[in-house]
Amino acid sequence: MKINKFTQQKDFHEFINNNHIIQEHVQFENDICSRHANDDDFLLEGYCKVCDKQTNFLVDRLFGSQITEQGWIPNWRERLECQQCRLNNRQRAILHVIKEAVEKKSTNPVIYAMEQVTPLFSCLKQQYENVIGSEYLGEDIESGSVVNNIRHENIEQLSFADQSIDIIVSNDVLEHVNSPEKAIAEIYRVLKPNGEIFMTVPFHANEEKTVCRATLNNGTIKHLLPPVYHGNPISDEGSLVFNDFGWDLLEQMKMIGFQDVSLCNYWSDLYGYLGEIQYYFWAGKSNS
Ligand SMILES: [Zn+2]
């Protein structure tokens with residue numbers, strides 16, 4: 001799978017604006033949408049890297065499909081659900097890159113996922129030996145506690161020892177913490193030398209600076225912008241978004257110590273990773 005890595009906003013925008021390959025991808029996706037303009041859902045053939053076999057990916061109108069003059073455009077990031085493992089585009093892609101990272105390690109890595117009650121965690125647990133998962137269960141609980149078989153971790157204050165984890169997986173979590181700086185510092189602390197993090201966050205690629213939407217002080221939330229909540233698998237109330245991240249997130253991660261930090265863009269019709277622009281963040285800790 002071809003991955004395009006970016007460390008600066010300017011390079012990313014040049015790539016997006018002047019790249020004929022992107023235009024070809026968009027055309028490819030538009031053609032699919034035109035063929036299925038009158039269908040409520042459809043299947044696309046492909047190869048699932050999680051299942052490691054040929055499969056069909058389900059595309060339907062869930063999670064905000066858009067209506068256009070030509071028909072409807074699915075939410076590619078959240079759909080393309082493999083009919084075997086039931087994981088969607090972004091979930092399969094992150095497991096794909098983790099698989100490649102694990103293959104490069106000489107020993108069985110310790111993997112920490114900032115989720116535990118999700119299909120993605122179940123897949124990780126099935127595929128690898130040393131996998132730890134956690135959820136955020138509330139402010140009065142100590143990190144590392146287990147409540148009803150669910151481990152609690154406050155990622156601003158992880159319970160793990162220094163340099164104890166090889167790979168961290170964090171999917172749409174960092175926007176929900178009050179202090180991303182503290183969380184990133186904790187991630188850096190617990191990673192072993194050569195450790196790495198694969199992370200997704202809702203990213204505002206046109207914004208240079210992160211915009212703070214809310215703060216938390218002594219248990220009191222102050223809203224600086226209208227509150228936005230995202231779905232949370234363990235709470236019906238959802239999770240408040242504290243920050244809308246811009247490109248300074250990469251700089252922040254570097255300042256905390258990460259040697260390499262990049263925005264990684266991927267696309268593959270074979271693997272069912274359609275949609276512009278799909279990306280995750282990768283950061284690596286140096287070996288010394
Ligand atoms: Zn699959």
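First listed ligand is number 1; within each ligand, the first listed atom is number 1.
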In this structure, is the centre-to-centre distance between the rings of His204 and Phe245 below 6.0 Å?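 Not close enough - the centres of the two rings lie 6.0 Å or further apart.
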Tell me if the centroids of the rings in Tyr271 and Tyr266 come within less than 6.0 Å of each other.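 No, ring centres 6.0 Å or more apart.
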Compute whether any side-chain donor of one residue and acceptor of the other, for Lys2 and Asn4, lie under 3.5 angstrom apart.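 A donor-acceptor contact under 3.5 Å links the two side chains.
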With distance as the sole criterion, is a donor-acceptor pair present between the side chains of His96 and Glu100 under 3.5 Å?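 Looking only at side-chain atoms, Glu100 and His96 do form a donor-acceptor pair, the distance falling under 3.5 Å.
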So Val59 and Trp76, do their side chains get closer than 4.5 Å, heavy atoms only?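 The answer is yes; the side chains approach within 4.5 Å.
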Can you list the protein N, O or S atoms less than 2.8 Å from the Zn ion (ligand 1)?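 N, O, S partners closer than 2.8 Å: Cys48 SG, Cys51 SG, Cys82 SG, Cys85 SG.
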Do side-chain atoms of Arg189 reach the backbone of Leu158 as a donor and acceptor pair under 3.5 angstrom?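 Indeed, once roles are kept as given, a pair shorter than 3.5 Å links the two residues.
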